[in-house]
Amino acid sequence: MGIVNIEDELHEQLRRASKASYRSINAQAAFWIRLGMLCETHPGMSFQELMARELRAAGVQTPDLTDAAA
């Protein structure tokens, strides 16, 4: 574990986002870092596709929207 230096404005945005997401500042930073890594390694996938994939990988059952539309 280490210290990451970020600019003050980014830290302020991180603090605000953590409150809105009910996460700690560290958990919010980790979420953004992981999401950024996923976006860079899977550029053809949308945010929603990436999140659904990660939720399934964690064992969370996501609703199938094709069933809901019928």
For [X], enumerate each residue passing the salt bridge (Lys or Arg N to Asp or Glu O under 4.0 Å) test, keeping only those at least two apart in sequence or located in another chain.
X	answer
R23	none
R53	none
E40	none
E49	none

Quick one: pull up [atom1] in [X] and [atom2] in [Y] and give me the separation to the nearest 0.5 Å.
X	Y	atom1	atom2	answer
L10	N5	CG	CG	11.5 Å
R16	H11	CZ	NE2	12.0 Å
W32	S18	CH2	OG	8.5 Å
L14	E9	CG	CD	11.5 Å
I25	K19	CD1	NZ	8.5 Å

Margin query: Which residues pass the side chain to side chain donor-acceptor pair (under 3.5 Å) test with E7, not counting sequence neighbours?
Written below: none
Notebook entry, point to check: Is the count of non-hydrogen atoms from other residues, nucleotides or ligands lying under 6.0 Å from Q61 atom CD greater than 12?
Noted result: no
Check: Should we say atom CZ of R15 is surrounded by more than 12 heavy atoms from elsewhere, each under 6.0 Å from it?
Finding: yes
Notebook entry, point to check: Hydrophobic clusters join Ile, Leu, Val, Met, Phe, Trp and Tyr when side-chain heavy atoms are under 4.5 Å apart, directly or via other members; which others share one with V60?
Noted result: L55
